[in-house]
Structure formats: C-alpha cells, structure tokens
There are 2 protein chains.
Amino acid sequence: MSGTRILDTLLALSLVLEADQTRELERRGLTASKTHLLWVVHHRGPATQAQLAEALQVTPRHVTTLVDALEATGFARRTPHPTDRRAVLVDLTDRGRSVMTAMTAEHESLGAELVRGLDAESVAVAADVLDHVLQRLQTLVAEHEARQAERAETS
Amino acid sequence: MSGTRILDTLLALSLVLEADQTRELERRGLTASKTHLLWVVHHRGPATQAQLAEALQVTPRHVTTLVDALEATGFARRTPHPTDRRAVLVDLTDRGRSVMTAMTAEHESLGAELVRGLDAESVAVAADVLDHVLQRLQTLVAEHEARQAERAETS
DNA sequence: TATTGTTATACTCTATAACTATA
DNA sequence: TATAGTTATAGAGTATAACAATA
C-alpha cells in the first residue's frame, strides 16, 4: 500500500534531515535543543525561563541548563525582569540574532533546493497530501491519548 | 515558495512522528536506539556486537550498553560465538521477536491510517515527490561533505 | 501560599581511551 | 599484532525533588 510507502520515505527523510541539521548546528557550536530555545526567543522576543519551559515543553530546570550554556557561548543573555525581581528575561545577543538570520536563509534555500527539478503542480499536490497526513497523525495521536486518559481513570 | 512549505511540513511531521514513536516505545519499556538494534537483529539474524556497531553506526562500547539493557529487560540474549571465543552473538528472545512483529503490524496500520481520505492518485504523486526530495537531500549532503573534505585537505 | 529560578542527584545516549582475553 | 568486548570516564539532553528569594 502506498500509505506505508509514504510513511517509510517520511521516516527516512526524518533521519537524514535530522543528521544534516545536527551537523550544521555543531559547526556553529549549537545543538537542537539550544537552537530551539534561540528560535523561540527570536520569534517571540525576550521571555522568562518559565515561559520558555512552557514553550519548549521542557522542565524549568532544564531551561536553566540551556540558558547557562547559551550565555557562556555568547548566543543569549539574561537581563533582570523590569517588574518581577524573581524572574529574568532571556534575550538574544547580536551573535544569537545573526545566527538565527543565517539559519532562516539556509532553511529557505534548502526548501528550494529540495524540489528543484519537479514541476510546480506535483509539488503542490504533495504539499497538500503532507498537510493532510500531518493532520491525520495529530488526530490519531489525540485520539490515542484520549483513550489512554480514559483507561487511566477507569483503573 | 512551495519548497519551503514542504520542508516546513516535513519538519513538523518529523517532530510529531518522533514524539509518537517515543511514546509507543516507552510503553513497552524501549527506546529508539534499543529498538533500532532489535530491528537490525530481527532482520539480519544473530550478529556480533562489532557487526551491530557497524550497522547502527555507533561505537562498539555503546552496543555493550544497549545489549546489557536489552538483556536485562528480556528482549535480547547473548550466546557464545560458535567458533570465536572472544565474540558473542546477540539474538532476540521470544519476547523481542514478538515485539518486533507487533511493531511491524502497527507501522503498516499507521501507514494506511495516515492516507485515509485521500485519493490514490494524489498519494502516488506525493510519494514520488517525497522520493525525489529524499534523493535531492542525500545528494546535497554528499556534495556538502565532499566540499568539506576538500577544504580539510587544503588546510 | 504560589511562583521563579537554582542546587543536588540521576538516567539515557553517545563518545574516547585504556585494558583483557582471544585470534 | 589485530580484534571483540568491557571497565573507566565524560559531556549533552532531560527529569524529579528540595530549597531560596520574591510575589
């Protein structure tokens, strides 16, 4: 069945994409999770660590670790929160911002490279199929979690 | 450009697929790397740890860790190599084999579920596009590595 | 009392280096 | 001398629990 074929290709793509990303990040002295944090700050602006923990779906304690590392390597900076003396605001340094800009450009160039040689119509069809697949997957996961939550209540 | 759109969806899918897989594996007391090892043994048959290290692209030392854990949890087993007393053969237990069988079935069912509601023709087009994208990506990565190797030689 | 962030501790993935037993 | 696997050690991702300072 072609559903399995698509899933297999998707999984293969995931592996190669991840390996490629990891290599690129390593070259800059970054890792996936640290970059994710930078990305969130880049798009949302300065945020407290608690907000970042929520956005990254990670414990506040782990955010401390990430920000420590990003501060030590000059990508991010902690500034005191203007009104709440318990909290800090995490912001990007110039270096952090320029890395984010460069990565955005690379991302777009990669997107264009990957479909080079394909006709626009097929690419559009494929994009629609992928959107559908993503939605189906999210639905399945949600249903699955709902069933498990139910089971947990019953027991 | 739709290339970027496809790439974005691909990355989103990677994240959700990985999260889903991790949850499923956790439920069974497994992790991605341990499952990968089981998968290789399931398909190639009993193998030495050195062979597994090569297949998984991981250090022999790490294979020791993985096999230790899989043996402790009853998914795999070490048996002495028949002719080489230095080596061991890693094989699946009945439990390991039945987990692999169950996961194969789930994988196929997921593949079918993901394209439910789509017409076969679009799915076929999308599958072709994805194959193309995977090949392009592999080409780009290979070119990139070749350039870096060259640069390393020059310096 | 609730929240923000941090010290302490631990588990998993993964790597390198040094070492043992066997080829 | 080369190979198979293991002990020792380490760094990154990530988590929980206990605790300080502040709200």
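Per chain, numbering begins at 1; letters A, B, ... match sequence-line order.
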So does [X] get a side-chain nitrogen or oxygen closer than 4.0 Å to the phosphate oxygens (OP1/OP2) of [N]?
X	N	result
Thr31(B)	dT12(C)	no
Gln51(B)	dA4(D)	no
Gln57(B)	dT14(C)	no
Lys34(A)	dG13(D)	yes
Thr59(A)	dT14(D)	no

Just the rounded figure in Å: distance from C1' of dA20(D) to CZ of Arg85(A).
14 Å

Nearest to the Thr64(B) side chain among dG5(D), dC13(C), dA15(D), which nucleotide is it?
dG5(D)

Let's see if you can work this out: which of dA21(D), dG5(D), dT3(D) has an atom nearest to the side-chain heavy atoms of Val88(B)?
dG5(D)

So which one's nearest nucleotide on DNA chain D is more toward 5', Arg78(B) or Thr65(A)?
Arg78(B)

Ignoring hydrogens and angles, are the base of dT7(C) and the side chain of Arg61(A) linked by a donor-acceptor pair under 3.5 Å?
yes

Could you tell me whether Val63(B) contacts a base, only the sugar-phosphate backbone, or nothing, with contacts defined as non-hydrogen atoms closer than 4.0 Å?
nothing

Quick check: is Val125(A) connected to Leu10(A) through a chain of hydrophobic side chains (ILVMFWY, heavy atoms under 4.5 Å apart)?
yes

